[in-house]
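All remarks here apply to the structure that follows.
Hydrogens, waters and symmetry mates play no part in the numbers below; they use all other heavy atoms, side chains included.
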Amino acid sequence: MAGKVCGGEQAILFHRGERPAVAVARGNLFCQKLWSRADNGFVSGNSCGLFPRTAVHLDGNFVKPISVSPNGRRLISSTSLHHSATFPAQSRGSFACYCFSGSPRGWLGPGDKDKRGENRTCVFYKSEEHDITEGKLDSLSSPGETNEAILVERDIPWWQSFPKRWVVVLLCFSAFLLCNMDRVNMSIAILPMAKEFNWNSATVGLIQSSFFWGYLLTQILGGIWADKIGGKVVLGFGVVWWSIATILTPIAARVGLPFLLTMRAFMGIGEGVAMPAMNNILSKWIPVSERSRSLALVYSGMYLGSVTGLAFSPILIHKFGWPSVFYTFGSLGSIWFALWLKKAHSTPNEDPELSKEEMKLIMGGSVSKEPVKVIPWRLILSKAPVWALIISHFCHNWGTFILLTWMPTYYNQVLKFNLTESGLLCVLPWLTMAVFANIGGWIADTLVSKGLSITAVRKIMQSIGFLGPAFFLSQLSNVRTPAMAVLCMACSQGSDAFSQSGLYSNHQDIGPRYAGVLLGLSNTAGVLAGVFGTAATGYILQRGSWDDVFKVSVALYIIGTLVWNLFSTGEKVLD
């Protein structure tokens with residue numbers, strides 16, 4: 001015996017002993033109404049494997065919703081309970097429940113006789129639009145009884161209920177993983193390439209630096225494009241562009257040096273738009289309460305990408321030759337791009353699958369999520385917090401790039417490690433940064449949720465990101481063992497990673513609509529710091545010592561700390 005259908009809705013009354021209940025189904029949602037006597041209190045429990053969600057109230061003979069479902073939809077219209085009849089029911093736990101036959105929801109049908117219990121009283125109802133009559137009319141009202149109901153939602157797989165905003169975060173994380181995998185593979189492959197093509201040290205240095213020609217070119221442009229046409233298009237373009245350039249690198253190398261330099265610059269163009277585009281997208285998707293941890297996770301993708309690239313490149317080169325590194329890593333971009341096209345959207349408003357509840361959470365602030373048409377350069381450059389970002393980013397990246405670029409040389413010259421040991425130890429700072437970036441992100445978001453101002457949180461986290469490396473680098477001249485020196489370097493980079501919850505999160509704080517442009521501006525200064533700092537380190541080492549190199553970095557860290565704490569803010573200064 002199948003249940004009656006009324007506008008996609010079905011209902012029954014079922015009971016065990018003196019505790020009857022009515023169940024109402026609509027779509028993939030289920031309403032369970034439980035009666036109990038006043039002296040027994042409210043009877044709760046799960047029926048047919050369903051879980052309580054939202055209460056409704058019975059007013060006379062009408063069931064009316066007193067709240068809405070988690071996805072924001074009105075589940076039940078005003079519904080009158082009408083007729084009753086006796087039908088088979090399924091027994092489950094302390095309740096009995098009729099299972100609708102032929103249902104696409106996977107409920108039991110009439111053929112499942114071994115899973116049915118005794119006959120129970122079932123009540124059909126009519127909605128305001130439809131009239132259904134069958135069986136014998138019974139009254140549902142009972143004096144002295146409490147009428148309560150629960151809206152419940154059927155259990156669904158976790159991957160279907162996973163927040164869409166964190167799907168976007170994970171895709172950005174994957175993009176940055178690929179970004180650094182494709183960037184660091186050259187540092188390993190350049191050794192057999194130089195041997196095959198007879199390149200000298202000057203040529204190797206030229207090839208390594210050619211990446212930054214394109215990388216510098218698209219920092220600000222990438223931010224402008226992202227803020228105007230949306231982060232999805234720009235980041236997707238960047239990944240496809242640098243993946244193609246990676247795949248074509250072996251071909252360009254065999255054609256000639258000018259073609260290789262051009263291809264490396266093209267790769268820099270693609271990777272140059274990644275950070276501004278990502279910052280734009282997350283400014284649209286992530287509420288401020290989750291900003292630090294989401295950015296920390298995405299940036300940790302860069303660190304883990306370096307680890308992955310440094311770990312797998314030697315294996316691929318040994319087994320298949322140096323071109324295999326570029327072909328393998330570059331081809332992974334096509335898989336990412338397919339997922340990006342299917343799952344990502346520039347703004348929450350463009351996602352048709354986004355639930356109303358998550359939309360409300362994302363749009364909780366008064367921030368406009370629409371792309372901008374004109375970039376107000378004069379206004380942007382007139383704000384002190386913007387210049388605090390630019391100067392602090394320069395000071396931060398000077399020390400970071402020096403450590404990451406010159407660390408193998410330091411291990412070899414000062415600590416007397418061989419090249420194999422130096423290569424292995426180079427992975428340690430990246431792992432440390434990946435771990436501590438996420439720890440810092442959770443700490444920052446927790447402080448914000450506890451009521452601490454965003455300004456205070458950003459200043460605290462970035463102060464750790466500046467003063468931590470300054471302290472540990474200043475201790476290198478005092479250590480006596482290589483193990484302690486490596487520990488100091490790892491701690492320096494670990495505390496440096498707290499910057500992801502400081503200055504790297506601040507672009508979205510002070511100007512969420514221009515987050516891409518702001519990151520493009522500050523990261524241009526950061527890249528310049530890397531270029532100048534790397535060159536200056538070589539100049540200092542010719543005339544001085546490693547202590548002098550570290551003293552310059554410490555001085556810039558202290559300058560950055562002062563500028564940041566005096567002029568930065570967590571409040572929005574650009575509308």
Side-chain angles (χ1 to χ4, degrees), residues 172 175-190 193 199 202-229 231 233-280 299 301-302 305-306 309 325-327 329-334 336-337 393-394 397 400-401 404-405 516-535:
C172 289
F176 276 54
L177 184 79
L178 294 176
C179 177
N180 267 31
M181 284 175 63
D182 291 341
R183 185 187 300 186
V184 304
N185 58 11
M186 178 59 82
S187 64
I188 303 296
I190 196 72
M193 291 173 72
W199 292 333
T203 302
V204 170
L206 184 64
I207 294 170
Q208 293 279 45
S209 65
S210 61
F211 168 85
F212 291 99
W213 304 347
Y215 192 68
L216 272 172
L217 182 66
T218 53
Q219 288 294 315
I220 297 176
L221 287 177
I224 296 172
W225 294 336
D227 289 343
K228 285 191 172 183
I229 65 177
V233 175
V234 178
L235 184 55
F237 157 80
V239 175
V240 171
W241 185 279
W242 87 58
S243 296
I244 293 175
T246 301
I247 293 173
L248 293 178
T249 296
I251 299 173
R254 290 195 165 97
V255 172
L257 182 60
F259 293 93
L260 177 60
L261 296 176
T262 302
M263 197 56 61
R264 291 296 294 174
F266 276 9
M267 182 179 173
I269 288 174
E271 295 205 359
V273 305
M275 289 178 65
M278 175 277 300
N279 217 38
N280 172 275
Y299 281 114
M302 295 181 66
S306 295
V325 174
F326 300 99
Y327 296 144
F329 289 3
S331 62
L332 294 175
S334 60
W336 178 91
F337 186 63
H393 208 145
F394 181 91
N397 275 28
T400 301
F401 270 78
L404 297 179
T405 305
V517 169
L518 290 173
L519 184 58
L521 279 171
S522 71
N523 202 42
T524 297
V527 174
L528 288 173
V531 174
F532 295 150
T534 302

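The shortest heavy-atom contact between Met181 and Phe329 is O-CD2, 3.4 Å. The shortest heavy-atom contact between Gly333 and Ser243 is CA-OG, 3.5 Å. When all heavy atoms are compared, the tightest approach of Ala253 to Met193 is CB-CE, 4.0 Å. Among all heavy-atom pairs drawn from Trp241 and Phe266, the shortest one is NE1-O, 2.7 Å. Residues Ala175 and Val239 share a closest heavy-atom pair of CB-CG2, 4.1 Å. When all heavy atoms of Met263 and Ala245 are compared, the pair lying nearest together is CG-O, 3.4 Å.
By the 6.0 Å contact criterion, OH on Tyr327 is enclosed, its count of non-hydrogen atoms from other residues, nucleotides or ligands being greater than 12.
With rounding to the nearest 0.5 angstrom, the SG atom of Cys179 is 9.5 Å from the CG atom of Leu177. From Thr524, atom OG1 reaches atom OH of Tyr215 across 9.0 Å, with rounding to the nearest 0.5 Å. In this structure, CG on Leu528 lies 10.5 Å from CZ on Phe212, to the nearest 0.5 angstrom. The structure places CE of Met267 at 12.0 Å from CD1 of Ile269, a figure rounded to the nearest 0.5 Å. The distance from the CD1 atom of Ile244 to the OG1 atom of Thr249 is 11.5 Å, given to the nearest 0.5 Å. With rounding to the nearest 0.5 angstrom, the CG atom of Leu519 is 11.0 Å from the CD1 atom of Ile220.
Proximity of a side-chain donor or acceptor of Ser306 to a complementary backbone N or O of Asn180 within less than 3.5 Å is not detected. Asp182 contributes no side-chain N or O that, together with a main-chain N or O of Thr246, makes up a donor-acceptor pair within less than 3.5 Å. Between the Asn397 side chain and the Ala529 main chain, no donor and acceptor come within less than 3.5 Å of each other.
Between Cys172 and Leu235 there is a side-chain heavy-atom pair separated by less than 4.5 Å. In this structure the side chain of Phe337 reaches within 4.5 angstrom of the side chain of Val240, judged on heavy atoms. A heavy-atom distance below 4.5 Å is found between the side chains of Phe211 and Glu271. Side-chain contact between Leu260 and Arg264 is present, with heavy atoms from C-beta onward closer than 4.5 Å. No side-chain heavy atom of Arg254 sits under 4.5 Å from any side-chain heavy atom of Phe259. In this structure, the side chains of Val234 and Asn280 stay at 4.5 Å or more apart for every pair of heavy atoms. Within the 4.5 Å cutoff, side-chain heavy atoms of Trp213 are placed close to those of Leu261. Ile190 places a side-chain heavy atom less than 4.5 Å from the side chain of Ile207.
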